[in-house]
2 protein chains.
Amino acid sequence: MGVNLKELAAELKLSPSTVSRALNDSFEISEATKQKVISLAKKLDYQPNPFARSLRENKSKTIAVIIPERINSYFANVVDGIEEITQAHGYHLLVYCTQEDVEREKKIVNLLMNGRADAIVISVSSQLTDNFHLNLLHERGFPLVFFDRICSEIPTTKYITNNYESSFEGTNHLIQQGCKKIAFFMLSKELSITKERYSGYKDALDQAGINLDSKLNLTFSQNEEQNIESIKELLISDNRPDGILSSIGKLALATYQAVKRTNLSIPRDLKIISFFADSTVASLLNPSLTTITTPTFKIGEECGKLLIQKLTKPKQPDLPNQTFVIPSKITIRSSTIEI
Amino acid sequence: MGVNLKELAAELKLSPSTVSRALNDSFEISEATKQKVISLAKKLDYQPNPFARSLRENKSKTIAVIIPERINSYFANVVDGIEEITQAHGYHLLVYCTQEDVEREKKIVNLLMNGRADAIVISVSSQLTDNFHLNLLHERGFPLVFFDRICSEIPTTKYITNNYESSFEGTNHLIQQGCKKIAFFMLSKELSITKERYSGYKDALDQAGINLDSKLNLTFSQNEEQNIESIKELLISDNRPDGILSSIGKLALATYQAVKRTNLSIPRDLKIISFFADSTVASLLNPSLTTITTPTFKIGEECGKLLIQKLTKPKQPDLPNQTFVIPSKITIRSSTIEI
DNA sequence: ATACAAAATGAAATCGTTTCCGTATTTATT
DNA sequence: AATAAATACGGAAACGATTTCATTTTGTAT
């Protein structure tokens with residue numbers, strides 16, 4: 001397409017090596033020729049071929065981001081944060097969405113084994129005991145960063161929120177509002193966030209002397225309509241909860257839909273608090289939704305900063321086996337406050 | 001990292017060329033050696049270096065997608081659609097978000113001039129008369145596909161929805177519901193979608209014999225809070241509209257927020273219809289929002305199919321200068337229906 | 001003027017593929 | 001049986017950059 005180094009060199013009656021060095025501002029080249037080279041390069045709009053460079057340097061200036069869902073403010077925001085930092089350093093983002101499908105995730109990870117990206121930032125779609133693909137990658141020394149849904153067994157850097165505490169506080173809030181039968185809504189039980197959030201929920205119940213009713217702990221699927229119906233069934237059953245802690249935002253929306261199919265009312269008959277990313281939507285729901293909100297953009301930025309550090313400085317050590325906790329904030333709205 | 005062709009060849013006592021051909025299933029290689037090569041390649045987990053390949057073949061198996069916003073169901077859904085098709089053909093997606101910033105868009109487009117991607121799919125952030133960067137790219141023969149927010153002057157393939165008709169119908173719906181003073185909310189006037197949607201709005205008013213009041217045509221910024229205040233000002237002014245057609249989803253949300261700051265009520269005092277992607281949210285708003293919904297995933301799929309066709313078949317002609325229209329659907333909900 | 005160090009540039013290898021071209025062996029044709 | 005054609009493979013160039021090593025040019029000290 002454009003002009004290449006050799007052509008530039010020919011035009012300038014210089015060797016390609018000199019031109020390369022001039023453009024990379026090497027000390028070996030005189031100021032005079034540097035200027036000549038740079039000005040012609042600009043004039044001819046010379047763009048170095050990224051693949052030639054990647055091949056030679058064995059780095060791609062590309063970071064892969066793997067998320068479970070794209071239509072999800074939480075993940076979208078994290079990616080925005082990553083892009084904000086990495087783009088400024090000339091990095092490109094390959095963004096893959098697994099649609100919560102583990103097989104798809106494995107395929108994607110396998111595709112990335114060949115060095116197409118210099119690092120991976122991932123929030124796993126569902127943590128099976130089988131995270132062989134990620135393990136292998138990490139063992140080969142490939143920079144790997146987790147956020148939100150992590151694999152704790154893989155010793156690398158992770159960014160999460162204070163899931164346990166947030167969940168504990170959220171549950172406590174429901175208890176303080178008079179809830180006696182508090183349900184816990186989740187996706188896969190294998191997810192790190194599920195475990196931690198469940199743990200906070202459980203401990204809050206314990207502390208309040210409330211018995212945990214396992215029938216109130218519901219695991220949901222990827223099928224929206226099915227989820228709504230399950231919730232509705234629960235709500236019209238004898239064992240109806242009077243409070244819900246939803247560990248996933250979209251399950252709160254499903255609950256609102258389910259409630260519309262009953263003659264119950266939030267917060268009168270049912271109070272609900274949820275981990276939820278989009279505060280605009282939370283505030284516009286009827287009633288407005290009490291949320292636990294994670295600073296997702298910040299998480300993305302932190303991931304980005306860490307990777308830039310690792311990838312752009314020479315002789316960096318492996319990413320430390322460390323988990324950074326960025327606290328969430330509870331915003332109390334009408335869905336948990338008695339009128 | 002992994003093993004390369006030369007090493008594979010040495011292990012097999014074959015030449016690299018033979019191994020390469022065997023792996024690419026060339027007719028020149030006997031079945032026997034093909035099997036030997038393939039099995040060792042599998043055993044040693046051989047992964048071809050993508051950059052060597054890209055350099056040699058002059059294609060990257062990568063498609064760049066440029067969107068104005070990532071936290072937006074509309075665009076997220078289109079990207080999902082693109083990924084659905086292209087991933088199955090071994091393509092990777094570089095996703096860039098401009099945050100509605102034209103300068104940022106230009107920078108990104110310039111970065112893509114060097115062949116890092118084989119094609120670009122873009123919804124422009126704001127169409128200035130100055131779309132030099134995209135024009136240049138297209139003139140160089142670079143495959144470029146537009147969706148939603150297009151540059152009509154650039155002769156390539158575009159995917160849009162029936163903006164004019166949807167807007168016309170939407171406005172008519174408001175008129176039928178008794179609205180006399182109908183406002184039109186938009187982002188930049190330069191956007192193709194704004195022009196078309198405005199045109200449909202205008203013609204519907206004309207047809208109904210309603211005079212267009214330019215004070216009811218509001219252009220908004222990227223500042224959420226400021227937008228909400230502007231809307232509130234409008235709503236408490238003498239010139240208060242009784243209907244709103246919002247050409248952008250988030251302006252409908254801003255309107256709901258603004259209404260909460262007044263003592264007005266939807267749909268009693270104000271009816272609103274909006275182009276809006278997330279029907280779950282639309283149905284949960286209070287009152288539920290009448291929407292014009294575009295089949296965004298389908299648009300993404302169509303973009304993907306077109307590009308796969310263009311990029312994987314040999315000797316393909318340039319992308320045709322053609323605009324495909326994928327119709328939207330109006331869903332009437334409570335925000336436009338008198339109680 | 002000579003010697004030697006420093007500065008500036010060039011030649012060629014390299015990264016890992018693919019592919020053009022050449023060659024040896026086997027198979028088919030008359 | 002001699003020749004043509006098909007089959008199977010190897011050697012080396014090519015893609016476009018960077019970098020090691022070698023070489024030329026310039027500057028400085030004696």
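Naming: A, B, ... by sequence-line order, numbering from 1 per chain.
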Rounded to whole angstrom units, what separation is found between the [atom1] atom of [X] and the [atom2] atom of [N]?
X         : N       : atom1 : atom2 : answer
Lys59(B)  : dT19(C) : NZ    : P     : 9 Å
Arg116(B) : dG16(D) : CZ    : P     : 16 Å
Asn114(A) : dC15(C) : CG    : C1'   : 15 Å
Tyr46(A)  : dG16(D) : OH    : P     : 10 Å
Gln47(A)  : dC15(D) : CD    : P     : 20 Å
Phe27(B)  : dT7(D)  : CZ    : P     : 9 Å
Leu12(A)  : dG10(C) : CG    : P     : 10 Å
Lys6(B)   : dG11(D) : NZ    : P     : 12 Å

Checklist outcome for this item: Walking DNA chain D from its 5' end, the first of Val19(B) and Leu55(B) to be reached, judged by nearest nucleotide, is Val19(B)
Checklist entry - Quick one: on DNA chain D, does Phe51(A) or Arg21(B) contact a more 5' nucleotide (nearest heavy atom)? => result Arg21(B)
Kindly say if [X] contacts the phosphate of [N], meaning a side-chain N or O under 4.0 Å from OP1 or OP2.
X        : N       : result
Thr18(B) : dG10(D) : yes
Ser20(A) : dA17(D) : no
Ser15(B) : dG11(D) : no
Asn4(B)  : dG16(C) : yes
Asn24(A) : dT18(D) : yes

Checklist entry - Does a side chain donor of either Glu100(B) or Ser125(B) reach within less than 3.5 Å of an acceptor in the other side chain? => result no
Item to check | Distance-only side-chain donor-acceptor flag, Ser20(B) / Ser17(B), under 3.5 Å | outcome: no
Output the single nucleotide from [options] whose closest atom is nearest the side chain of [X].
X        : options                   : value
Ala52(A) : dG16(D), dG11(D), dT9(C)  : dG16(D)
Pro48(A) : dG10(C), dA17(D), dT17(C) : dA17(D)
Leu14(A) : dA17(D), dG10(C), dT17(C) : dG10(C)
Leu5(B)  : dT9(C), dT17(C), dT19(C)  : dT17(C)

Next on the checklist: Counting the atoms with a prime plus P, OP1 and OP2 as sugar-phosphate, which does Arg53(B) contact under 4.0 Å by heavy atoms, base, sugar-phosphate, or nothing?
Outcome noted: sugar-phosphate
Checklist entry - Lys13(B) near the nucleic acid: base, sugar-phosphate alone, or nothing, with a heavy-atom cut-off under 4.0 Å? => result sugar-phosphate
Item to check | Of Phe324(A), Phe147(A), Phe146(A), the residue whose pairing with Tyr159(A) passes ring pair (Phe, Tyr, Trp, His ring centres under 6.0 Å) | outcome: Phe324(A)
Side chains of [X] and [Y], heavy atoms from C-beta outward: is any pair under 4.5 Å?
X        : Y         : value
Asp80(A) : Ile71(B)  : yes
Ile63(A) : His92(A)  : no
Asn49(B) : Asn114(A) : no

Next on the checklist: Quick check for you: to the nearest 0.5 Å, what is the distance between Asn110(A) atom CG and His133(A) atom NE2?
Outcome noted: 7.5 Å
Checklist entry - Charged N to carboxylate O below 4.0 Å: is that the case for Lys305(B) and Glu302(B)? => result yes
Checklist entry - So which of residues 28-38 of chain A are in contact with DNA chain C, with a heavy-atom cut-off of under 4.0 Å? => result Glu28(A), Ile29(A), Ser30(A), Thr33(A)
